[in-house]
2 protein chains.
Amino acid sequence: MTLDRRSGCPINLSLEVFGDRWSLIVLRDMIFGGRRHFRELLNNSMEGIASNILADRLKRLVELGMLTRADDPTHKQKAIYSLTEMSITLVPIMAQLGAWGRVWLPVTEDLSIRAKLLEEGGLSLWQDFMDELRFEHLGIGTPKPIDATVRARLRAAYQAVVDEQARKAS
Amino acid sequence: MTLDRRSGCPINLSLEVFGDRWSLIVLRDMIFGGRRHFRELLNNSMEGIASNILADRLKRLVELGMLTRADDPTHKQKAIYSLTEMSITLVPIMAQLGAWGRVWLPVTEDLSIRAKLLEEGGLSLWQDFMDELRFEHLGIGTPKPIDATVRARLRAAYQAVVDEQARKAS
DNA sequence: TCCAACTGATTGCGTTTTGCAAGTGGTTGA
DNA sequence: TCAACCACTTGCAAAACGCAATCAGTTGGA
């Protein structure tokens with residue numbers, strides 16, 4: 001699980017960074033789920049990541065410059081993980097990955113509504129979202145009204161689908 | 001190496017299809033390198049894929065609907081692998097992956113010129129390229145003059161960089 | 001006709017990575 | 001005081017990987 005530099009091809013090097021079954025899942029949960037702590041990532045993980053794998057990936061992503069780790073001032077044992085510019089610019093990749101998966105794989109409606117919005121929003125929405133992440137994680141730029149954020153919109157859309165599914169089921 | 005359906009999230013499902021260190025490399029060589037045979041993929045692989053891994057990935061990609069396998073009429077033992085619409089539409093993902101890698105990872109100039117062109121060409125170039133692949137692999141659409149193809153342009157640009165590097169080195 | 005080179009794989013084997021369950025030492029808040 | 005929580009580690013079995021050798025055929029040239 002280290003960089004072996006098999007070749008200088010950009011696709012190959014990208015794969016060496018996050019071409020495994022967990023790294024992008026962790027980053028997805030941080031980017032779209034807003035998770036910042038080990039426990040949040042561990043317990044709320046939809047796919048059920050194991051704690052040793054999570055610890056390993058966090059360590060690795062920090063070493064690679066995709067995340068930073070800082071002590072949480074509110075709790076001596078808590079660590080806070082932040083995205084870096086390197087991982088924030090993964091948003092277009094996530095968007096394309098979601099768009100492709102939505103077409104070709106057996107996605108569930110609730111979990112793919114975000115991918116749909118991201119796809120429809122296009123580059124300008126991605127940029128807005130990346131700006132939000134820069135503010136949240138890097139302290140760069142200015143805050144937005146909390147309900148106008150891309151993340152809030154994505155979350156609201158997700159909730160609407162879940163509610164609708166519950167209504168149908170009842 | 002099978003689909004375990006950890007969740008219905010499109011990013012997760014995409015990762016379950018090609019979230020490993022070799023599947024996308026094989027597809028990259030088919031898409032950008034025009035390789036169609038086992039030996040071509042094995043011997044010309046920049047990253048040095050092992051024959052058992054290649055055999056396994058080809059089999060898996062066929063099972064997943066990303067490739068099809070057909071007998072080569074010119075040689076009884078040869079098999080021809082073709083991309084499917086499912087794998088052809090990976091082009092935007094490849095382009096984003098290449099663009100990101102070019103910015104953040106230690107890519108070499110010769111191997112990243114293609115990613116640069118693909119990035120600059122944008123969606124319309126990706127579409128042209130996908131149309132070419134559809135013609136080559138699916139027999140859909142009409143052929144283009146051989147030197148006007150996107151692949152020919154990418155290859156020419158690559159060669160120009162390699163030649164320039166050789167000139168500098170001499 | 002013979003044979004070396006080539007075809008898409010497979011086999012055996014040692015190493016690495018993964019997944020699971022349990023446990024670590026320390027912190028916090030009631 | 002003490003249960004709950006904190007990030008993370010450990011032990012171990014199972015799976016995946018990487019390498020080299022090998023396989024049974026096919027082909028083209030001498």
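Lettering follows sequence order; numbering is per chain, from 1.
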Q | Partner residues of A:Glu119 under the side chain to side chain contact (heavy atoms under 4.5 Å, CB included) criterion, sequence neighbours left out | A |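 Checked A:Glu119 against side chain to side chain contact (heavy atoms under 4.5 Å, CB included); matches are A:Ala99, A:Arg102.
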Please report, rounded to the nearest Å, how far the [atom2] atom of [N] is from the [atom1] atom of [X].
X       : N      : atom1 : atom2 : result
A:Leu42 : C:dC20 : CG    : P     : 12 Å
A:Asp20 : C:dT16 : CG    : P     : 18 Å
A:Asp56 : D:dT10 : CG    : P     : 13 Å
B:His75 : C:dA5  : NE2   : P     : 15 Å

Side chain of [X] (C-beta onward), nearest among [options]:
X       : options                : result
A:Arg39 : D:dC6, C:dG8, D:dT9    : D:dC6
A:Arg57 : C:dT7, D:dA7, C:dT18   : C:dT18
A:Ala50 : D:dA7, C:dA9, C:dC20   : C:dC20
A:Asn52 : D:dG11, D:dC6, D:dT26  : D:dG11
A:Lys78 : C:dT7, D:dC6, C:dT11   : D:dC6
B:Ile53 : C:dT10, D:dG18, C:dG8  : D:dG18
A:His37 : C:dC20, D:dA7, C:dT7   : D:dA7
A:Lys76 : C:dT28, D:dG25, C:dT10 : C:dT28
B:Tyr81 : C:dA9, C:dC20, D:dC17  : C:dA9

Q: Please evaluate the base of D:dG25 for a donor-acceptor partner in the side chain of B:Gln77 within a cut-off of under 3.5 Å?
A: yes
Q) Going by an N to O cut-off under 4.0 Å, is there a salt bridge joining A:Asp131 and A:Arg134? A) yes
Q: Please test B:Glu136 against B:Arg151 for salt bridge (Lys or Arg N to Asp or Glu O under 4.0 Å), starting from the C-alpha separation and ending with a verdict.
A: CA-CA 11 Å; B:Glu136 271 183 72; B:Arg151 174 138 61 218; 2.5 Å; yes
Q. How would you list, by chain and number, every residue that makes a side-chain hydrogen bond (donor to acceptor under 3.5 Å, both in side chains) with A:Asn52, sequence neighbours excluded?
A.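 Applying side-chain hydrogen bond (donor to acceptor under 3.5 Å, both in side chains) to A:Asn52 gives none.
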Q | Pairwise 5' ranking along DNA chain D for A:Lys59 and A:Arg6, keeping only the more 5' one | A | A:Lys59
